[in-house]
Structure formats: C-alpha cells, structure tokens
Protein chains: 6
Amino acid sequence: MIQPYDLNPEELKHYKPEQTAEKDFGEFWEGTLKQLAAVPLNYSLNRYDYPVKGVKLFKISFPGYQNANIDGWFAIPAAPGQYPGIALFTGYDWVHNGNVHEVVNYALYGYATLQIFIRGQYGGSVDNVITSHGNNSGWMTKGILSREEYYYRAVYMDCVRTVEILASMDYVDATRIGVVGGSQGGGLALATAALSDTPVVAVAEYPYLSNFSRAIDIAPRGPYGELNDYFKKNASPEIEKQAMITLSYFDIMNHASAVHCHTLIAAGLVDDITPPSTIYSVYNHLNCPKEIEVFRYYGHEFLPGFVEKKLRTLMKFLADSNGEKAD
Amino acid sequence: MIQPYDLNPEELKHYKPEQTAEKDFGEFWEGTLKQLAAVPLNYSLNRYDYPVKGVKLFKISFPGYQNANIDGWFAIPAAPGQYPGIALFTGYDWVHNGNVHEVVNYALYGYATLQIFIRGQYGGSVDNVITSHGNNSGWMTKGILSREEYYYRAVYMDCVRTVEILASMDYVDATRIGVVGGSQGGGLALATAALSDTPVVAVAEYPYLSNFSRAIDIAPRGPYGELNDYFKKNASPEIEKQAMITLSYFDIMNHASAVHCHTLIAAGLVDDITPPSTIYSVYNHLNCPKEIEVFRYYGHEFLPGFVEKKLRTLMKFLADSNGEKAD
Amino acid sequence: MIQPYDLNPEELKHYKPEQTAEKDFGEFWEGTLKQLAAVPLNYSLNRYDYPVKGVKLFKISFPGYQNANIDGWFAIPAAPGQYPGIALFTGYDWVHNGNVHEVVNYALYGYATLQIFIRGQYGGSVDNVITSHGNNSGWMTKGILSREEYYYRAVYMDCVRTVEILASMDYVDATRIGVVGGSQGGGLALATAALSDTPVVAVAEYPYLSNFSRAIDIAPRGPYGELNDYFKKNASPEIEKQAMITLSYFDIMNHASAVHCHTLIAAGLVDDITPPSTIYSVYNHLNCPKEIEVFRYYGHEFLPGFVEKKLRTLMKFLADSNGEKAD
Amino acid sequence: MIQPYDLNPEELKHYKPEQTAEKDFGEFWEGTLKQLAAVPLNYSLNRYDYPVKGVKLFKISFPGYQNANIDGWFAIPAAPGQYPGIALFTGYDWVHNGNVHEVVNYALYGYATLQIFIRGQYGGSVDNVITSHGNNSGWMTKGILSREEYYYRAVYMDCVRTVEILASMDYVDATRIGVVGGSQGGGLALATAALSDTPVVAVAEYPYLSNFSRAIDIAPRGPYGELNDYFKKNASPEIEKQAMITLSYFDIMNHASAVHCHTLIAAGLVDDITPPSTIYSVYNHLNCPKEIEVFRYYGHEFLPGFVEKKLRTLMKFLADSNGEKAD
Amino acid sequence: MIQPYDLNPEELKHYKPEQTAEKDFGEFWEGTLKQLAAVPLNYSLNRYDYPVKGVKLFKISFPGYQNANIDGWFAIPAAPGQYPGIALFTGYDWVHNGNVHEVVNYALYGYATLQIFIRGQYGGSVDNVITSHGNNSGWMTKGILSREEYYYRAVYMDCVRTVEILASMDYVDATRIGVVGGSQGGGLALATAALSDTPVVAVAEYPYLSNFSRAIDIAPRGPYGELNDYFKKNASPEIEKQAMITLSYFDIMNHASAVHCHTLIAAGLVDDITPPSTIYSVYNHLNCPKEIEVFRYYGHEFLPGFVEKKLRTLMKFLADSNGEKAD
Amino acid sequence: MIQPYDLNPEELKHYKPEQTAEKDFGEFWEGTLKQLAAVPLNYSLNRYDYPVKGVKLFKISFPGYQNANIDGWFAIPAAPGQYPGIALFTGYDWVHNGNVHEVVNYALYGYATLQIFIRGQYGGSVDNVITSHGNNSGWMTKGILSREEYYYRAVYMDCVRTVEILASMDYVDATRIGVVGGSQGGGLALATAALSDTPVVAVAEYPYLSNFSRAIDIAPRGPYGELNDYFKKNASPEIEKQAMITLSYFDIMNHASAVHCHTLIAAGLVDDITPPSTIYSVYNHLNCPKEIEVFRYYGHEFLPGFVEKKLRTLMKFLADSNGEKAD
C-alpha cells in the first residue's frame, strides 16, 4: 500500500507551501551566530584504538554554543595529508555505544569525518540551556515558548561550530567540506548549509524539522508527534501560536533559500515519520543546485539504494579534484 | 487474564527483596536537605477565578531546590480558618491545562491543598540542574551517572519544600499535613514522607520509583523502560553499574524504613507499568503503620474503588479532630 | 496526526446533513411520554456514609419506564436549603463500583445531583423490555427492529423521569435544573433536553447517538461499530432499512430542533469513537442558544480544558441567581 | 511458539482440578428441569426452499424455557424415513444470515439435524429472563448474581428441549441422537449430554463454559474476559464470591460426571480463548467412554484435521447400525 | 467503519480502468496452451475411505503443465451416473490436512468435483519451473521478470487441465462443467473460464490476481504486498517496468473479455486483501452474462450470505436440466 | 522488560540440550560434499564502478550446488597483493538493491570479501532443486520431507563453495579465510565452518538454524514460525516426525562439534526471532576455541556494541600477521 496520509508523487513535485519566517528571522540568526562567534574555537583529540587499519580515530571534544561541552568522533585516513572534510549529523535519539563504524568508513573513503553527539542526547555533550518552562518527554518542545530558549537553537549552533572546527584543522582542506545526515541529521545538515558558507555539498536523507504545521497534521508517528502531545497538554490557542512562531525560526523550509551549495535529498514515499510532503516543503524552496531521489516503497529506514548515489555525489563535490589515488 | 509477568498474590505478600542502599545513603540525603535548607522558604500566591463556590484557588510559585522556580496550584476552603493540609503530587508527564479540578475538590473536602508542577514536566517549573551527560528521551535517565546530578534529587527536594511551605502557611494546621499521589506522585509522596517529619499520613496509589532492578526485568511498558533503553544505548557494564548505584539513592524501597507516618498504598494486580511486586517491594519494607488495598482486576489506571478508602483515611488522620462542620 | 477519517475543522462548521425523522416522529414520542406519565412518580432515598463533609449522599431508587427499578446516586449540600439540580448521565458501560465521587463533587459545588445507573448496564437498574429478536453483544442493537422495543426508548424515558424526580424534590429548585453527561451521557443529556421542558441548560461532551448512518461509515472504533457488526451478522437490505428507521427515532440529530435550553457541547477533533462530524450533525441542527468547544488534539477522553468552561456555564445558568455564598 | 500461558501437554493429561459444585447442585437442576417439563413440547416447521437436492430444509420454532420462542433450522434427507438425529449448537455470537449450509450438509450425511439460535443472540430466539441487576456488554454476566436468573440456565434448558424435540419427531430415531458443537456450542453439547439421557454421543470442539476460575486467570482473550471485566466494574469480594457460586452451577467441569454417552473432545494447544487446561478440566472429570484429539499448532479456529474423526465418530454411534445405503 | 482505502459503492460501479494487455497477449497464451496440449491427458484415482455415505472420494493425480505431478481430491455421488462437474480452486496458501469436506459436500450436492492442490503450495503438487532469478518469500514474485517463468503461467495451465480432466471423465457430463473458487481460487476460476471454452458457469468470490498496479497502491495487507516488497528489495525502475509487463499477461482484468460463460462474482466492501476496486476492475471488463453480489460489511472472509446464491446459480447452470431427483 | 519466553542468563550458560543427529549424519554430508566436488570450481568477475577509492568491486558468478548459478559481490583492496579473505553470508530474505556497502567496507578494511546472494532469495542466484512436495510461503519448509531435497542442503553447499572459490583466488591468502554473518548468515557461517576445513575464524551474530524443536516451542516471531505453520497446515505426527528428522541434518547444533576454528558468537537477550537459548544450544556444543558476547537489552537487530569486537577478532585471526599498519 502506498501512503494514504500524504500527497501523491505528482502533487509532491509541485507542493510549495508558503514560507512562515517572521520579519526578524535573519536578524535573529545573525545575533545567534554572533553569540557563537564569542565561543573560542578549539578542540581536543584523544586517540582511540580501533581495529581497522588505514584510519586514525579520535574522541573529540570542543566548546559548543554557550560553551557547552560537545563530544564526538573524529576519523581521518592514516596516511598524512589534507583531506576533504565531512560533518556527519545523527538522527534523533539515535547514537548508541559502538556506533563509530560509520565515521571510520567515511575516513577510509578518504574523508576527514567529524560526527558530534547532539547535546543532551548522548555521551558527554551537555545541554546547558535552562528553559523557563516545562516540556514534554523528548527534546522537541524544550524551550518551545521562546526562540532564545528553544532546544534546536543551541543544536544548530553546535552544528555550525562542527563545520568551523573541521575547517580549522590542518588535516582538512577547508574548501572541500560537506554536511551529511539523515532524519534529524538531515535537518541539521540543511540548517548548517544555510547558516554557514563553508559547506560545498549537503546530503540529507529524509530530513526532519521541516514544515512543522503540516507534520502536526499528517505525520502518523515519530517525534513530530511530540508537538501534538505538547499542544494537547498545554491546550491553549495562545500557547500554540507562540510555539508555532518559535518553530518558524527553526523550520528548515524557512532556511531553504539560504542554502547555496549543491544539495542532494532522499525521500521515501511511505515514510510515516517525516512524510514526503514535509521533505518536498524544503526541497521545493531550495534555490541552490539540487537533486532529489525518491524511493517509492521505502519509509523512514535505511535506503540501500541511496548509498551509491550519496557516495558518488560526495566524491564529485569533495574528492574528484583531489588527485587520483593509485588504483 | 491475570498478569503473567509478576508474582501471584500469595507470593507478593512475602516478597521482600534486600535493600540496596549504599553506606552513605543517609549522609547523602542529609547533605541534600542542608542544601535545600539554604533556599529561602517563601512563596507567592496569585488568585485565580474559578467557577466553584466555597473555595479560593491560587496559582502558587516558590523557589525549589537550587532556587529553581516551582509553580503549582493552591486551594483552600473559602471560609476563613486553619485547615489540614495536603501536598498532592502528580504522575509522570501527567499534568494538562485545566487539570485544576482535583485541587479544587480537595479544598472543598476541607483541605488546604498544594499541588506542584514537577520541574521540567509542565508550566513554569524550571529544571535547572545541568547534567554532564546526555540521556534518553524522558526524565528517568537525566543525570543518571551521578547521584548529585540525577533528576529526582531536585524533585524530591521540591516535594519536601512543598510540605514545608504548607506547614509555614497561616491557612494550614502544620500538625495535620498529608502527602498524596499516584504513580510518580505515589513515589514522591513516599519519598517525602521519608525525607520529612512533617507528614502525618501518606497515600500512594501504585507508587513508581521502586525496586528499579526488578522493574527493568519485568515491567512490560511505561517509563521504567527508559532505563532499559538507556542501558541499550549506553551498553556497558560499568555504566550500568554506576547508574544502578545512582538509582539506589532514589529507590523508595530504600527510603521505606524512614517513613514514620501512617501509610496507605494501592496496587493493581494487572498493573504493567508499576507491576505489583515493585509496589510490594516498598510496602514490605515499611515499618510504619500501614495498609495496602489490592485491586485484582485493575492495572495502572484510575481506581474508583479506592477513592472512598483514601478519603476516609485522610479524614481519619487529618480532619476528624478538626471539629465537625454543621451537617 | 489529525484524524484522517473525518471532515476538517472548516468543513465541520458547515456540515448539516438532512434530518431523517419519519413523519410520525413527534407522535411516537408523545405516545411514549404518555406511557411514562402512567408510571407513578416516586423514589426512595437511602443515606450512604461517605467520608466527605458538607454533603449528604444517598442511594436512590425509583420506578422508570415500564416500572423498571432504576438505581442511582443522589447527593446534596449538607446545609438545608433548596439547590439547583443536575441530572448526570453516564457513558456507555462506564459506571464502576466506587464511581460516586463525581456526584459528591457536584453536590459540593452546590448542586442537588442525581446520577442514574443506565438500565441493564450496572447495579440494580433493570432492563425489563423483552425484545422479540436477538441482538449483538452490547445494547446498541437490542430491539433494533422495532421502535417500540428499541433499548434506548426505555433509557430516554428513564432520563426524562430523572429530571422529573429532581424537579419534584423539596431539595431542588425546579426552575434551575440542568442535564450533563459525556459520550452516551452526552447523547442522553441532549435527548432529555429535547423530550422535557424542564432543563434550563444542557452540557454534552462528545455526545453519542448522533447521525448513525455517518457513524457506521466513518467511526474507526467504539460502540457505533455494534451496528456494523449487526448488519454483518444479519446481512439483508430489508433488515438494514428497518433498523435505520428504528434508529431515526432515537438519533439526537433528529431531536435537535426540540431542544430549547442553552446548550454547550464539546468535541475532540481526533475522537475516533464519536467522530467530530457526528457531533456537528446534532450541533448544527440545534436552534437553541448554543456553544461548542473544539479540542484539536483530544479524542474520546477526559477533556481537562473543558472542566472550567462547563462549571462556569452551569454556574451561569443554574447558580448565579442563587445569591452569593460567603467567600 | 507454543502457548506460554497454559500447562504443557504432559501436565494437561493429569490436570484434574477439584470440582466446585455446591451441595444442592443436583437439586437445582432437577427443579430447573421440572420447570422445563411444564413447557408444552411442540414445534412448528416452515419449509425453506434451498438450492440443494436430496434434502428438505425447514425453519423451526418451538417454546423453550419459560415459554420463550426459540428459532432454528431443521433439515432432513429428502427420502422418507427415520434418521438418526443431531442437535447442533453454535458458538458465542456466531450465527450469521446464510449460515444454514452446515445444517444442510449434516442432513445430506444422513442425519435429521436441528440447530437452534441461542436465545438473544440471533434471529427470533427470545431471551425472556429479566434480571434484577445490570451486567457487562455480552451475555456472560447477565444474571450472574443469581443462579435462577443466570443467562445460561435458560440456554441449557433450551438445549435439553432441542434434544427432546428431536426425539419426539417422526423423522427421527429417538435411540440414535447426538449432540454436537464448538466453543459455546461445545459447552452446550456437554451440558446437554449431562442434563438429558437422550444423547448417545457428544462431540465438543474446544468447549467453552469450563473451569471459570482458571479461565479468569489465564485466558488471554475471548468472552471469559467478560467475567474479568465484570469483577473490575463491580469490584467487591462479596459480589465476586456470589458470582462464582452462581457460575459453579453452570461450569461443565461440574456437569462432567453426569455425562454417560460416548464423548469426543477436540483441543488446540495454542487456543487463547478456551485455553487447553480449561478443556482438560472437563475432560479429566468425564467418567463416560471418551476420546480427546489434541491439535498442537491450532488455536480457537476451524480444525480441518478434526472433521473426519468427528464424522467417523458420529457414523459409528449414530449411523452404522442404520443399514448401509447403496454405494 | 467502511473502508477508507478504496472507492465508494457508486464509484465502484463505474470503475473501469484501461486494460494493460500487451499486443502479443493472445499469442502468448495460444503458445502456452499448445505446450499444455503436449502433456498427455491422463490421471489416476485412489479411493479414500471417508465417513460420509452417498459419496465416493478419491485422491487424484495427473500430469500438469510441464508434466509436473498435480495432486488433488475428486468426489462423486455414490450412485452410478453422469454428473455435472465442478473444478474447485483454492485460496493462496490455503489448503490444510483434512480440508476435504468441501469437495465431499459438493459431491453430495450432485456434482463430480475436482479440487487440485496448487503446485508448490501443498501436498504432492510439484512446482517444477526453475526460475533464473530469486524472489521474495511467497509465490507472487517467483519468475516475475519473465512471462515464461512466472509462477502463475504453470498454475493457469494446471487449472485448464483440471477442467479438461473433468470433461474427459465418464462420470462427468462434459457440457455441464463449472469453475468455482475464492480469492486466489476466484482468480483461477476466472482465468480458466477465459482460457478454456469448457466451463458454462464461473463463480468467483473476491477474486485475486486483478489490476496489480492498483492493488500495489491500495491493498493494506495480503499477498499483493509481496509485489511491494519485491519492488522495495529490487528497487529499480527497469525491474519494476519489466515485472509489470510480466504481470499484465496474468492480470485477470486483461483476461476478462475472453470469458464467455455466465459469471457470478462476490465482493466485500471492507476487503483489505482484495479491495473492491480490484474486483470491479475485472467485473466491469466482463462481456459475458454476469452478476455481482456486494457485501457492505464483509471483508476477505467467509461470506455466509453468498452460499445460497452460489448454490442456486450452480444448480441453474449445471443441474436443473439434469432431471429432478425425488424429493 | 527482559524476555519472558526464554531462560535467564545463568540458565543459558548451562543449557546444553542433547544433540539429535541421526547415525548417518556424517555419511550424508560426505556424500553431499562429494556431489559438490563434482561441480567445476570456477567463477567470473565483472568489474562494477563504485564511488569509493582504494577498492575494486566486482559482480561475481559461479556454479554452486547442482551447477546452479550463484551471484554475489566480490571486493578487494585496490592495491595489488594477496589479502586475507572473508566469506560474508546474509540474513534470511535480507539483500536489497544497493546493499553492496558492507562488502566494500570489508575490502577497505583489508579483506578480499565475497558475499553471495542466497539461492532463490535475490538476484540471479538460482534455486534449482525441484521438490516433490509443496511447502509454506518462505524457504524454511521447501523440501522438508527429504534430507536430499531440503532447501538448505544446496545452500550449505553453495556456502562451502564460496569459501573454496575464495581460497582458489590469486588475490587471497588461502590460509587466512574467515566466515562471517548474522541470523541466517550466522547459521551459514557456522555450518560452513563445520563442513569445510578452510575457515580459520567464524563470527556469527544471533545465528539462525539452531535447535529447531526448541525454536518451534518458544520463538515468538520470525521464520522459525514457518515450521509451526507447516505443521499446522500438514497436521500429522508422521509428517512432523519425518520433517524433524530432515531438520536434524541441518541443525547447526548438530554441526557444532565439527567446527575447529576460533568462533565468536553474539546473542541478544531480548531476541524474539532467534531466542538466546537456541544460540546457546550451538554455542555450548562447540568444542573449538570460542567466545560469546551477550547483549542484555538487544534483540534481533544491529548490535553496534559488537562491531569493534568483531573487527578486532577478524584482525587477530586474519590480519595481524599481515605486516604492521603504517600509522
């Protein structure tokens, strides 16, 4: 059965809902980036012995937004040199002990790869924003009544800082940096590509954090539903209005126009967590060079058929000018 | 079908697992209470117009643990006088807009009633403890690697302070204060009765936060499962050991011996969120005068058959000496 | 996710399906009320000791339609006086042992409150109509092939009699009587307000028994489905036609025009038991002063956000002229 | 997966719970049979044109217990003669329009076959016992507080009368009558074999109405659960005790010793509606010649592998002495 | 609730999607039938002792397509004579040990009845087509990339041969042969009626194998979903296109125009395995005399209300001219 | 909740059910291997352009058991040389288009890696064994009535041949070959390690195909259930006995003693597809050097915490002697 809760393939192509950004959208983010700029750009690396040859793996820590400690993995090819860089962003509540293999593999593919643990969601990444109101279980509604306190404000900045760290490293060719992720990580990749000029390519699989008001109406399951739960628990038109204004600053549909680098997006037509129309909401607002791969029979799950396309795109934009390795 | 995941009624009566408190359990809580004592005891009331006669309702705010703002409802009979007091604690993620009727009704029953919003879970109650590690969605694993940072440390102190506030009010007869709650609220009522000498009666419906290690093994659903999810995401014997030590300081099974007031507990035999054996784990360690009402066909849900018993117990311990109202 | 099985909020406002009453609809109910009038109007009260001060609680019994015994609870403020009255109707298969607290609370709010046990569904309320055909499990199809034998004919009359009993009591100001209920109880409140001139206000939360033919088409779960099951078991166009004619006499959509008192209705937009369009079917046919409160994120469940509105409405129409109590 | 909720095959063989019959069990049923005897034994047949040759089909009506009208189907081989008779009893809430084929087929097999519609469950079979208390949705708890009023008292008598009608017919050889049914029908077949001396063979597939107290504890789904629901709604040790006493008069485990004819039973080991131990509860108390066929991989569903065994058993006890038909 | 995934009853009546047959559709089947014709037409019968009088039952085996052994049941009235014949086709993965009663009953109704076991799905019916590609679990995608290798090519031919065998038997009046089946069996009945001139009547309950592309889009569950799974596993527009071309040769919607005998179809409006529009897809393309019975409240399940209609239709077209039996 | 359907961790350690191998177990496999030996050992490679540097990827085809074509992926480090080899076996019905990344990554880790498509389950791998009986949907029961025809006989031989091909390649150091897989692939890795002397290390995550009779009893879901379905469909003690004898030849519990290389196994304690006791059934019968990693909170799913252990083990047994990494 094809999804009965969303538009059909033809309608999706032309689905371009009006953007909802407030007038001071740009100003808000400029101010936020200024706050980030005040945080000293540094990091520490800690070698981690991993049973794969040809790659060096490190635990990395650096100060993120509001000086919160952010942890992550960093891996590079073992051979000395300067490599193209990839910032890898993870899904919502997704990281588990041992999940380092993806970082390692990207390093083997020839990329200096940095994957952060999203603050508050895993490891030593500290969520240090105190919010003046309670929220539902989960992170979607933390600070939702204030754009300053909203959880993803700090997260977006941590992601921008991730790219800045990569660009600052001797290991990395700062002119060849990409942002990559799926679900929450896809949303973060696009937000980062909008808020930073550094990335030259972005790859987002079924990106999250897009067109919240439609998601509230149609997403059958997944974390968009935390919004529904919040509006149920805090039933009040004023609260809902205020929350939707907060969300408008973070909706990647509203960030879309600011993305300048080449962007590749994947969507599954039976995705019931990030339904296809929420993905097209951001895709159809992108003004950059862009591609979308549609998987008719796939939902919010690993897309084996997308791997080759993703790697080929990354190679084209990050690695092809890199001089050939021996083959 | 009777629950297939737990002990039978006869076994439950004799189920008394060994307590798991560390040696410095008492010391830890003395220190924590000292920190609470340093927070100034005051509150502000804000009259709220509610369409029920004979009762005065207020929004209340006061500084809780670490000076965090705690919000709640406070209601008293409209007729001037000093009334017995009830601290009402809510379930996990339970409060919704409009949920004030229970507070109002208790005031109509003749009790000065104070219900707080648990920090971080609703309204303006601020969760101001920053933890040095990420956690799962929900509150169960926030700060779980450190007894100082664990979420419920602050919550337990907010609850003790709730009782202290009640006792400090002119409206309230400080010698007749009870603690009442269900699920998380039941756990908090018992923890408060253990950590404060003020309550003269405690009523806990299917109390949560008891015998965590058994709950991890047998609870088919509900927030105990957040622990399982955490140990899955952070799979490591060291982390699990450290977390279990943290939890031991908060396990109401370990607090049981410190409860001195009369205690009434309710348990449903098909409760799959707080399975009966976790409830008997605390009940069988209580040394105070105690009663348990068992509901063979009920789970973790409203127990209509318990209301009268609960009210009668509260009346006996809080109100009967209060001089009769005209009838 | 918003309900995918029903109209959207804008369509609901204008959804006014044609009424399906047969020509002799009025005649049928006149005759039925005449039969009720032949039953002697009397009742017996039996004091019940309940641990709440300020209220007197009684078990009540009275002869209902066809002289069947009807049981229920009756509560009044303890202070002597004449109070406004409320007839409280319960949901389908809803009453449980111990469920008396709602009646008690209404008495504390200042209302003489009478809640009956719907015949056959609980306690000593006798369903004494023998039907000449079998039916499905449940009460929805009992007697469905004959308007004379249909289960709700007797129930509607029991409800009218409930109001008549209230009006006949010394405790009650017969000019200030309201009818209140949710689900089945909401349908009964509206039916009673249509069949009796006594009520001056009706409050119905997600009323049941409305627009049966649409409910059969769209209700994903709940007792409307008993009709689907019946038409499956007794598959025959003739039986279905005959049953739909019977139902037309009981459809509150057809009773709507006869309601004269102020009416307040609540609807949840994700209600999958009494879907919103079935509720609007009756609401949009009401010619009385009316209000509807819509809860976008709520289904067929307790609506905390409706309590205050309900109490304020009852106070306005029943209690405000009652002279203020001391405050 | 084999059922995790019941005994294993070896334990089942030896599972023989104590019978729970009250002292006046026999007396009660004698009295009840006397009441039945007072109902005139007669019936009317109405030819029904059915598109199968070699068989005559009739709608049958007769007065059952308390003179209630009981409807059913009756079919005989078209060729004049006297045939062995089968009383066919249906499952709980099981009959649907068009379900006549089973009766027709049994007639083609050479049996005069009478299938009644269980009173209140379908067609024109009238449930004319008025009970003095409400009950849950369904028939399991109707009249449960009184052995005189309990729903199955009348049903058991209707079944005995069914056999008596068969025996009275010219079409039927009264010395060769069997009782056959599945689920509720299996329980009724066994009850009838206990309460009437007429049947010479009984075949019961996964019989219902056996060992209620165990069923309450272990049946994961199905109508035994109506008892759990009732004891939840009417939570009270007195009510539960009274109800269990009532049920003891109807428990086929207590009727088992009175069955004298050859009895064949089928049980599915993954039956979660009538779990195998409830079936062995009656089987192991049978003192008559008996056989049980166990289906390890089947639940409460059609047992194709049992059909041949059933037909062979019926042929052996009812038809073999009947002189061979031409072959 | 009526199905929300398909057209409403009025739309169904006019739903006639374009047929998708390739140009060489006829040629392909002519060639295939020629291959079948090369298989020698013979069979062996093995008497099976069954406890029903008046009928002779046999195990039958015969060479099917590609000489694969095909097993089945064959039954005839015990009295010598020539009878009308019925080829009975079973549902997908449907046959179980003991399932012979349906064949026996049809013989008692006066028909020489032959039910085959579909190759590979049960018993000794051999699926001897080796396919050059892997497939999903199940039979729907076996050989799907080639019309020559596709699983149902051999099955359709086995069914044609079934009719040919019947027609060749002395027991059978070759001018009075019908094809009957439900689900997969319904699809096979219609395919056989299209590919063979022998049948004079076809009865298909909720036939499967119709309008595959719509089924892929809307069928909520059942074996059509094996196609979705295959296109997911083998995600590629080329593979999907190739598979859809293969399926077009087997789609009974494309075979419809070749059916010449009287055809009776049944459809359930809440069928979520063979949704009604897929059934109307073939029905509305039939040019033969035809009837459809619609069951509004039934899904993909036994339709008791259809039995009489089915038997009456078979009697009319197969048995009425047969001279009356004594009645 | 920990699994309620299986043994606890302590019991698992000592769970060693009796092996069920028939006397001619060894003889049967000798004969089968002889048949395999008759198939010419050759293969063809087809370069596939994949966007990852440092690796060469090929489509590989070779004749498997009974000369069936077997397809797969083969990858090696791009730099010329001889590498340790890994045979990678996939889960049941697991391969999808695009799934080549795992093979590529293993090549980047320094291994010549060959992953076959299991016959009949994907791609051009042909299942050319014709079975003389039907089976259930899926592969588990294909040919189950004959050890010669059983599906996994050919599959086991294809796997042995996979290792032989690797060992025959110039690219591969035949003294350093490992077998690796999860679920079905884990079972195949162990079977291959038993049937071939070539592997020097085996890694099996939650291996399938072990202790069938226990799996039938306790596995709540997954393909072991196909056996339950088969025994339901083909209900007969003889068939069940015959099938269990066939399965005994393939049960990896019976192959365990023949494994000589170092073996690493992973088990999840909440695995409901290959429950832990079925895994311990093989583990506790291994006589080779062995390790097991137990994941208390994991089921039949990706085990991130096992990756490092797996790679370290492979490195130790396959790569460490391979000269040091440059670092």
Side-chain angles (χ1 to χ4, degrees), chain C residues 1-8 11 17 134-138 140-141 144-145 208 210-244 247 269-279 281 299-300, chain E residues 1-15 182-183 186 203-207 214 217-222 264-277 279-280 283 291-313:
Chain C
M1 194 186 211
I2 297 304
Q3 90 291 359
Y5 46 83
D6 208 342
L7 306 175
N8 66 42
E11 293 166 333
N135 53 269
N136 277 39
S137 183
M140 285 309 296
T141 62
I144 198 171
L145 299 183
Y208 185 52
S210 178
N211 197 348
F212 293 105
S213 70
R214 180 163 177 87
I216 287 169
D217 272 7
I218 68 161
R221 62 186 190 98
Y224 279 128
E226 294 179 19
L227 299 172
N228 299 53
D229 289 345
Y230 185 84
F231 294 139
K232 180 174 181 180
K233 210 172 150 179
N234 298 278
S236 136
E238 292 72 33
I239 286 179
E240 188 161 347
K241 194 181 161 193
Q242 192 177 341
M244 291 313 294
L247 289 173
L269 288 194
V270 292
D271 190 333
D272 53 1
I273 290 178
T274 56
S277 63
T278 63
I279 296 174
S281 298
H300 205 78
Chain E
M1 192 186 212
I2 297 305
Q3 91 290 0
Y5 47 84
D6 208 342
L7 306 175
N8 67 42
E10 208 44 48
E11 292 166 333
L12 286 171
K13 285 185 193 154
H14 305 97
Y15 177 68
S183 197
V203 181
E205 294 177 65
Y206 33 77
R214 179 163 178 88
D217 272 5
I218 68 161
R221 60 187 192 97
L264 169 64
I265 286 181
L269 289 195
V270 292
D271 189 334
D272 53 1
I273 290 178
T274 57
S277 64
I279 296 174
Y280 272 93
Y283 183 74
E291 299 170 273
I292 189 162
E293 296 264 306
V294 175
F295 294 83
R296 189 179 176 193
Y297 299 98
Y298 277 85
H300 203 80
E301 59 191 312
F302 176 52
L303 302 170
F306 187 64
V307 177
E308 186 174 337
K309 172 71 182 176
K310 174 168 63 176
L311 294 180
R312 203 170 292 283
T313 301

Main chain of C:K232, side chain of E:Y298: is a donor-acceptor contact present, judged purely on distance under 3.5 Å? yes
Side chain, backbone, both or neither: which part of C:I216 has a heavy atom under 4.5 Å from chain E? both
OH on E:Y297 to CG on C:L227, rounded to 0.5 Å: 8.0 Å
